[in-house]
Each structure stands twice: as C-alpha cells, then as structure tokens.
Amino acid sequence: MARVSFHHVYKQYRSEKKTSVTDFHLEIEDGEFVVLVGPSGCGKTTTLRMLSGLEDITEGEIYIGDRYINYVSPKDRDIAMVFQNYALYPNLSVYENMALGLKLRKTAKHEIELRVKKAAKILEISALLDKKPNQLSGGQKQRVALGRAIVREPEVFLMDEPLSNLDAKLRTQTRSELIRLHQELQTTTVYVTHDQTEAMTMGSRIVVMKDGIIQQAAAPEFIYRQPANLFVASFIGSPAMNLIEGSIEEDGGTHYFSNRRLRLEIPPQYKPFLASGKLRNVVMGIRPEHVLLEPTLEDPNDSYGAVIDVIELMGSDSYLYLSMGDTRVIARAIEPGSKFHVTDKIDIGFRMEMAHFFDAESGGNLGIF
Amino acid sequence: MMAIVKQIRRLTLFETLLLLALLLLAAFMSLPIVFIINHAFKPFHELFLFPPTFLVKDPTLTNFYELFMRPVARIVPFSRYLYNSIIVAALSMVAVILSSCMAAYVLSKLQFSLKKAVMAMIMLALMFAPETVAIPRYLIVGWLQLNNTYFGHILPVIASPVAVFLIKQFIDQIPAELLEAAKMDGASELRIFIRIIIPLSMPAIATISIITFQGVWGDASASTLFMQDETMKTLPYYITTLTSGMANTVAGQGMAAAAGLLMFLPNLIIFLFAQRRIMETMVHSGVK
Ligand SMILES: Nc1ncnc2c1ncn2[C@@H]1O[C@H](COP(=O)(O)OP(=O)(O)O)[C@@H](O)[C@H]1O
Ligand SMILES: [Mg+2]
C-alpha cells in the first residue's frame, strides 16, 4: 500500500492542440478510495492512464510511495487496473486469467494457487475457475477482472468505469461489494466514473474534473454541502441543485438576493464575503431539500407562488418540478405527495441559511474563498 | 435425418423453390470435382471419348501406376517433385504466417510515424498482378543467388499483402485494453504476440494458410523461372511436362489426369476441414 502524488501533471496528446489534463495536482493518502468524476471527455481516463504508465506524462511528476514513476514501465509500477470492458483474455480460463500476472512475475506455483483460490473465494467465483470468459455473464466477468487485480496484491488499484457495463441492479450491488472489498483490503484505490451517485457513495474523497482541470477535491459530504463553483454545484447531487439568477442588494445593513420575482434576505453569516453595497450578478444555488413547502413554511411573508409541473415519486420522498414564471425549481416533498397534484398552485419558500451564492461570471462560490 | 425432414416440411413454397435452386447450383458447381475424380480413373481409351463423359465406366489404377512407376529414362522420379512441393508449400506457409502476423500486429496496434506510408504501400502492392512483378522477381532471385534453392521458391511469396491485410483486419478487432491488461500483468511484446494475438487471430491465420497453400501448391512459375536444376522443381511443373512435347501430348494424358487428382486432393481436404473458419474470417474482415 502506498501514497500516490501527482505534482502539477499535464497531458497533451500529440494530435491535440490543447492539453487534455491541466495542472493536475493531488496527494492521495495511503488506503484512500479516491474517485475521479466528471462529464465524458474531461480527462479522467487520461489521468488514470498516466498513473498506470499506459500513457506518458507531458509535464509534471507522479510518485507512488516515494518512488518517482514517470519513466517506470507499467508492469514495474506495482499497480493493477480494472478496465471498463473487463479485458479478460478470451483464450484463457478464469483461473489462468487471474494467474497470468503472477506467473509472469515468477511467483511459485503453490503460491499462485493459494492467492487465486483466496481471491476467488472473496469474490464468490470459486465455481467458475475452469470456465472461459465467454461463458460468463457481465457481472461474473467483472468479478474475474477484479480478481485478476486482487491476486497481484498491488500497491494501488486503478479502476476505469468498472461498473458502467452492468445493468442498474447489478451495478448497485457490485458498488457495495467494492466498498466492502476496499474496507477489507485497505488498498489505495483510484476510481474513475462519470456517475456522480457512484462517486458520492463510494469515494472517501471525490475529485471533480472538468475540461482537464480539477474543480474541487474533497470528501463527498463536503462537496455536497460546499460546492466550490457552479459546475460542481450542478454536477453533484441528484436531482441537481436549483440555480436561480439574480443580484445582491444592500438595504439598511441587510443583504438581499433579488430578481424580478424574488427578494430574499441573506443570512448574516454571509456578510464577510459579500462586497458591501456593491451590486453583483450572482447565481443562487439551493438544493431541492432546502426548498420549503406549505406545511413547513414558517413566514408566509417570505413565500412565493409556484405551479407544479411534474411530480416524480422516488419511494419515500417525491420531487416536485415547479415553475415560477420562467424560473424552474425542484423541491423535495418528504411526505408522499397525495396532497400535491399536477397544475396545483402552491406557496414555497427557501431555507436561506442553506443557500449558496456564485459569481455569475467566474462561477466561484462567494461563500468559500 | 428425421430432423432434416422435419425442417423441410416447415418450409414455405418460396423457401422450397430457393432450396431447389441452390441444390441445382451446388450440383452444377461440383461438376468439375466429379470430373477430376472420375477422369483420373479412366482407362486410356475413355480419356479421349467424344463427347467427353463425366463418369468413368471401367475404372482402373493404370494412370497412377504409370505416374509413380514410369520406367522411362527420366532421371528425376515423381516422388522427388512431390517431396519438393510439400517442402516448399510447408515452408511457405510458415514463412507467410509468421511475417504477415508480425507485420499485421505492428500495423494494427503499435504507433509509429511511417505507419500510413507503409499501409499505403501494402494497398498499392495489392493491386499488382503477379505477372507484372515476374521480371523484378527474377532479377532479385538472381542477385541473391537463390536459383536452385528452396528459398528461391519461398522468397517471392513471403510478403503477401492480402495476408497482411486480412490478419490486420482481424487484429484490429482485438480491443487495445486486452493488450494493455497484459502489459500491466507484465507480459512482454513477444509474449503478447504469441499468447494473445496469435490465438485470437487463428481463424484469419487458417484462412491465409489455405490461400498460401493453394497459391504455392498449384504454381509452376518459380520452378519454371528460377529453378534450372530439375531436382529442385515442383509438382505443378512436372504435370505441365507430362502433356507437353511431341511424344507426350497423347501418351501423358492418363498420367496428367491422375496427377491432377493428386494435386486437387489436398485442397479439397483442407477446405472441408477449414470451411467454417474461412467463412468466419471472410465475414469478419469484409475482404473477399
Ligand atoms: N489517444 C488519444 N489521442 C488524442 N486525444 C485523446 C486521446 N485519448 C483522449 N483524448 C482526448 O483527451 C480528452 C480527455 O479524454 P478522456 O481522458 O478519455 O476523458 P474521460 O475519460 O474523462 O471521458 C478528450 O478531449 C479526448 O478527446
Ligand atoms: Mg473515460
């Protein structure tokens, strides 16, 4: 097990004009489960492949433990990778697939057998060892691919969207198994996904990327509560955070967020961050669970009319898709919504102490820097 | 048998007609095969019947006996030509498979700057008819002093654009991740080639083996052009000599018929065994 450090790493493909990964700087602690998340094409795979040695590093340094590995070949980096399409050797049996890495490293035969059997037991694939990959289901292939990584007992696991070829149910199941596996083995893991739910549930730390640049790297709850910018705010969380454009005004020592429709008092704790008296184009972000609906609405003076467009039932709660003129707002209704009906006009409010304010131009969170 | 009958019963009228048409076509296409087999067993007088017959009336082994035991003043016996043919065909197959697979792997999976140029040259080479390169070939074989060696038979066929192309199409479909996984497992380039690329391209390799075998087995040009020494010539050349020359046009017909069958048999056997594999490759690669 080992730490992994990226020191201002850049990647520019020869065919591309721009860098695909820009100034990637990150310290990964020993035993951490770090998830790189971001939309397709943001450079997650590229970053992972630079760490694996399959892609060379244009600029910057990568360390595994204390070892500078920029020019170390993939096989000598003591890492194991799980690929999205599993990449099992179709002409070898499951056992041979798992054993090959050890065999090529001249591990003793009984040792290989021991490790493969142990990994197979952990992953519950002991019965499949003699089969060929094409006789397995997607979920089973995924386990074999994991097994192939586990038996090597590497310093670091790399996983590139390992669950995206599985159906929804299997994905949820394998997700929790991966978490269990990580708790058991405590191996440093770098996990790539474009699915924010996966990132939120699995990562001990999440690195949100966009256009090759790290937007924010922090624990899942922290990112959820304190998104660094508009992109992170809209990317993390499902359904997404409500983003409402407006400006900030000062009136008698109190700040207000206002636009044509709303005028909301900003709680005093934001004061230090807000430029005094200056008008600013801002975007207010508020999560669906912080939109107040009728029974919890405290101050009727601070409420606004909205029309229910769609009601989405999600088991215990439901989400109301509301419109206030041309502003759309999503609200979470905790009690299942027999009392709400589509096209109803209702009153809503906002828990302003939970709101975020972002600079409309730079996108930065005004409450963080 | 019952299953087949059942299947036939289930056919619609159109399908039945189609089946009949296909059966007729197949029968027609197999006529040459029937002819070759029957012809080899015809006694001398039947060979020259007019109109020619497909089926032999009075089968005999004389033709084969003459072919193998021909007591004339030939210095080189039939078996020597057969031996040469087998050696040349086998070595050519091995050489073509090795060189084509290696070239195809490199062109398909490795990145290097001259790749496009090399591919373009291979495409270009695909367009030349063998006749157009006969003279350059002759000169090269001469310069390298390969006349009257087995290598002189083999060298001209080693670089096979069709084979490289066919296998490349196949290797293109092997996902890059598979090779990367192997690399991370610690496999060397050579090991990846032998343990992953070769086994996965087996259908394509089977196909090019057959193509190569057929090309070499039936080709007399190397024997005619590069081999002056009679002991280095191959079977197809020998067969042409059976019926050429004043005395032979008539007398050699029986032996030629028997030799024709012998020449044809390996092709038939290989095809019957490898049929499925070939189809697979053709479908996969989109190359005829
Ligand atoms: N082999 C390559 N050659 C050139 N450009 C590439 C290559 N691989 C990825 N890219 C580019 O790098 C960027 C990041 O890609 P990638 O790391 O695959 O994104 P992600 O995994 O986050 O979807 C993309 O803009 C993509 O076009
Ligand atoms: Mg990717």
Side-chain angles (χ1 to χ4, degrees), chain A residues 13-15 45 48-49 51-56 72-93 96-107 112 132-134 141 144-152 154-162 165, chain B residues 97 101-102 104-119 167-209 274 276-277 280-281 283-285:
Chain A
Y13 287 103
R14 235 178 286 159
S15 55
T45 300
L48 201 68
R49 286 169 63 85
L51 177 54
S52 71
L54 295 171
E55 206 69 72
D56 46 59
V72 177
S73 77
K75 68 176 187 339
D76 298 325
R77 290 190 184 196
D78 208 358
I79 48 182
M81 186 147 164
V82 179
F83 294 85
Q84 180 177 345
N85 59 6
Y86 320 130
L88 301 177
Y89 313 118
N91 50 326
L92 301 183
S93 72
E96 291 167 322
N97 259 286
M98 290 168 67
L100 186 68
L102 296 175
K103 219 162 98 188
L104 292 175
R105 284 180 169 70
K106 308 257 182 310
T107 313
I112 294 179
K132 287 277 170 68
N134 61 8
K141 280 184 199 164
V144 176
L146 274 173
R148 187 168 65 181
I150 292 174
V151 293
R152 294 251 314 274
E155 300 268 23
V156 185
F157 283 135
L158 310 182
M159 306 190 187
D160 193 352
E161 315 221 1
N165 283 3
Chain B
I97 290 170
C101 283
M102 291 197 282
Y105 172 47
V106 169
L107 287 172
S108 173
K109 291 295 181 220
L110 303 189
Q111 307 298 333
F112 55 97
S113 46
L114 285 177
K115 192 159 150 178
K116 280 215 174 94
V118 174
M119 274 311 287
I167 300 182
K168 180 181 174 292
Q169 300 287 81
F170 224 79
I171 295 179
D172 281 346
Q173 292 168 12
I174 300 175
E177 281 92 344
L178 202 55
L179 312 183
E180 288 169 350
K183 234 174 254 172
M184 302 195 70
D185 265 344
S188 61
E189 219 48 91
L190 181 68
R191 198 173 178 102
I192 292 176
F193 180 68
I194 293 172
R195 296 296 303 272
I196 299 177
I197 300 292
I198 297 270
L200 291 185
S201 348
M202 241 17 218
I205 292 175
T207 310
I208 63 149
S209 320
R276 245 198 31 227
R277 280 271 160 90
E280 223 169 281
T281 321
V283 170
H284 256 282
S285 63

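Naming convention: chains lettered A, B, ... in sequence-line order (proteins, then strands); numbering from 1 in each chain. Everything numeric here is computed off the predicted structure, so don't read it as measured data.
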Test side-chain hydrogen bond (donor to acceptor under 3.5 Å, both in side chains) applied to B:K168 - qualifying residues, sequence neighbours left out:
B:D172
Under 4.5 Å from any heavy atom of chain A - which part of B:A182
both
Return the CD to CD distance between A:Q84 and B:E177, rounded to the nearest 0.5 Å.
8.0 Å
Show me, pair by pair, the donor-acceptor contacts under 3.5 angstrom made by side chains of residues 97-107 of chain A, not counting sequence neighbours?
| residue | atom | partner | partner atom | Å |
| --- | --- | --- | --- | --- |
| A:N97 | OD1 | A:Y89 | N | 2.8 |
| A:N97 | ND2 | A:Y89 | O | 3.1 |
| A:N97 | ND2 | A:L92 | O | 3.1 |
| A:N97 | ND2 | A:S93 | O | 3.1 |
| A:R105 | NH1 | A:G101 | O | 3.4 |
| A:R105 | NH1 | B:D185 | O | 2.7 |
| A:R105 | NH2 | A:K75 | O | 2.6 |
| A:R105 | NH2 | B:M184 | O | 3.4 |
| A:T107 | OG1 | A:L102 | O | 2.9 |

What's the spacing between A:N91 CG and B:L178 CG if we round to 0.5 Å?
8.0 Å
Using a cut-off of under 4.5 Å on heavy-atom pairs, state which of A:D160, A:L88, A:N85 scores highest against chain B.
A:N85
Portion of A:S73 that has a non-hydrogen atom of chain B nearer than 4.5 angstrom:
neither
Winner by heavy-atom pair count (cut-off under 4.5 Å) against chain B, out of A:I79, A:V82, A:D76, A:L54
A:L54
Contact origin within B:R195 toward chain A - heavy atom pairs under 4.5 Å:
both
Turns out that what part of A:R49 lies under 4.5 Å from chain B's heavy atoms comes down to side chain
